[in-house]
Amino acid sequence: MGEAPSAAGGAGPAASTGLTALDPHGRPEAPVAGGEAATLLGFLDFQRATLAWKCAGLDESGLAATVGASSMTLGGILKHLAYVEDSWFSVSLHGADAAPAWAGVDWTEDPDWEWHSAAGDSPERLRALWQESVTRSRELVAGALAEGGGLERPARRAWPDGRTPSLRWIVVHMIEEYARHNGHADFLREAVDGETGE
């Protein structure tokens, strides 16, 4: 089977994980007997592909739809996860400066800026921003693993309390982050057009 067609511009499996098996929704399945890095990165790619599926084919109104009293939108989730990808894999893991999309943001004035500002972005911009962040993250993780140290490799930026997360911690946290927001995405997508599925 080939790589998943991406609803968000190429969110199929990363070459570094060697994934080829796809589920009925085109999501890459993690290897059932792979090593730790391949397994964790496989589950992260599965979660990324789930978000791509939930946002597939939606226009501006679909990405801006809300449910109940919540202001959360699928567009906001895309932009938030684009920011989180860059924050962990670029800024924290590699010690890089914030990407241009985030560099000029006054986070003190609006700590949830990425959620709020998504309403002013086109669907194409939101998908591209997220996909660019995912692509960059995959390259940065591959680079970190190639440098040696495996998943034990510490991030270059410590937390304010002095602790330093490992690459393993960051990848597991990202799986958690995606899984949480994909649960939100399930409800939002069903509210838009009735499409359901885990």
Side-chain angles (χ1 to χ4, degrees), residues 4 6-14 23 25-30 40-93 98-99 101-102 105 107 110-138 140-141 165 168-198:
S6 169
D23 78 356
H25 301 289
R27 297 175 296 178
E29 297 181 355
L40 291 177
L41 293 173
F43 275 103
L44 178 53
D45 271 335
F46 180 86
Q47 293 295 332
R48 287 167 169 158
T50 299
L51 180 63
W53 166 38
K54 293 299 174 179
C55 295
L58 295 180
D59 59 12
E60 188 172 345
S61 64
L63 290 178
T66 60
V67 174
S70 175
S71 62
M72 186 177 292
T73 65
L74 286 166
I77 292 173
L78 279 172
K79 194 163 187 177
H80 171 68
L81 287 171
Y83 169 67
V84 171
E85 290 266 5
D86 279 337
S87 179
W88 282 113
F89 291 119
S90 182
V91 177
S92 180
L93 182 62
W102 326 113
V105 177
W107 297 103
D110 186 357
D112 295 321
W113 175 85
E114 77 277 26
W115 291 98
H116 301 148
S117 64
D121 295 323
S122 69
E124 295 75 22
R125 172 65 181 145
L126 290 169
R127 289 187 175 99
L129 184 66
W130 175 72
Q131 185 55 58
E132 288 161 8
S133 293
V134 168
T135 299
R136 191 162 43 250
S137 292
R138 287 182 179 139
L140 291 168
V141 169
R168 177 187 290 104
W169 189 97
I170 292 171
V171 171
V172 171
H173 174 67
M174 287 299 296
I175 294 168
E176 170 199 30
E177 183 84 9
Y178 269 95
R180 178 171 182 260
H181 289 307
N182 281 336
H184 300 140
D186 280 336
F187 284 109
L188 288 164
R189 183 60 189 251
E190 184 174 3
V192 171
D193 61 9
E195 181 173 323
T196 59
E198 58 87 21

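Heavy atoms only: backbone and side chains are in, while hydrogens, waters and symmetry mates are out.
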Approximate separation, where rounding is to 0.5 Å, of [X] [atom1] and [Y] [atom2]:
X: E177; Y: N182; atom1: CD; atom2: CG; answer: 10.5 Å
X: E124; Y: D59; atom1: CD; atom2: CG; answer: 9.5 Å
X: W169; Y: W88; atom1: CH2; atom2: CH2; answer: 4.0 Å
X: L41; Y: M174; atom1: CG; atom2: CE; answer: 11.5 Å
X: F43; Y: E29; atom1: CZ; atom2: CD; answer: 9.0 Å
X: L188; Y: T73; atom1: CG; atom2: OG1; answer: 7.5 Å

task = Check side-chain hydrogen bond (donor to acceptor under 3.5 Å, both in side chains) between E85 and all other residues, then give those that pass, not counting sequence neighbours.
result =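 Once residues adjacent in sequence are excluded, the partners of E85 under the side-chain hydrogen bond (donor to acceptor under 3.5 Å, both in side chains) criterion are R48, S137, Y178.
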Check [X] against [Y] and note the closest heavy-atom contact, atom names and distance.
X: A82; Y: S133; answer: O-OG, 3.2 Å
X: S92; Y: P165; answer: OG-CG, 4.3 Å
X: V67; Y: A191; answer: CG2-CB, 3.5 Å
X: A101; Y: L129; answer: CB-CD1, 3.7 Å
X: F46; Y: D23; answer: CE1-OD2, 3.7 Å
X: M72; Y: S70; answer: N-OG, 3.1 Å

request  = Describe, in one word, how the ring planes of W107 and W102 are oriented to each other, choosing from parallel (under 30°), tilted (30 to 60°) and perpendicular (over 60°).
outcome  = tilted
ask   = For the residue pair H184 and H181, does the interplanar ring angle fall in the parallel (under 30°), tilted (30 to 60°) or perpendicular (over 60°) class?
value = tilted
message = Any non-hydrogen side-chain atom of L78 less than 4.5 Å from a side-chain atom of L51?
response = yes
ask   = Does S117 use its side chain to pair, donor to acceptor, with the backbone of W113 at less than 3.5 Å?
value =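 At least one qualifying donor-acceptor pair exists.
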message = Looking at D86 and S90, would you say the former's side chain and the latter's main chain have a donor-acceptor pair under 3.5 Å?
response =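 Side chain of D86 to backbone of S90, a donor-acceptor pair under 3.5 Å: no, none is there.
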Name all pairs fulfilling the salt bridge (charged side-chain N to carboxylate O under 4.0 Å, His left out) condition that reach into [range], sequence neighbours left out, sorted by first residue then second.
range: residues 67-83; value: K79-D121
range: residues 186-197; value: K54-D186, R189-D193, R189-E195
range: residues 69-78; value: none

request  = Output all residues satisfying side chain to side chain contact (heavy atoms under 4.5 Å, CB included) with V192, sequence neighbours left out; order by chain, then residue number.
outcome  =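 Per chain and number, V192 pairs via side chain to side chain contact (heavy atoms under 4.5 Å, CB included) with L58, A65.
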key: R138 and its side-chain contact (heavy atoms from CB on, under 4.5 Å) partner, picked from V141, L140, V134   = V134
query = How would you list, by chain and number, every residue that makes a salt bridge (charged side-chain N to carboxylate O under 4.0 Å, His left out) with R125, sequence neighbours excluded?
reply =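 Salt bridge (charged side-chain N to carboxylate O under 4.0 Å, His left out) list for R125, sorted by chain: empty.
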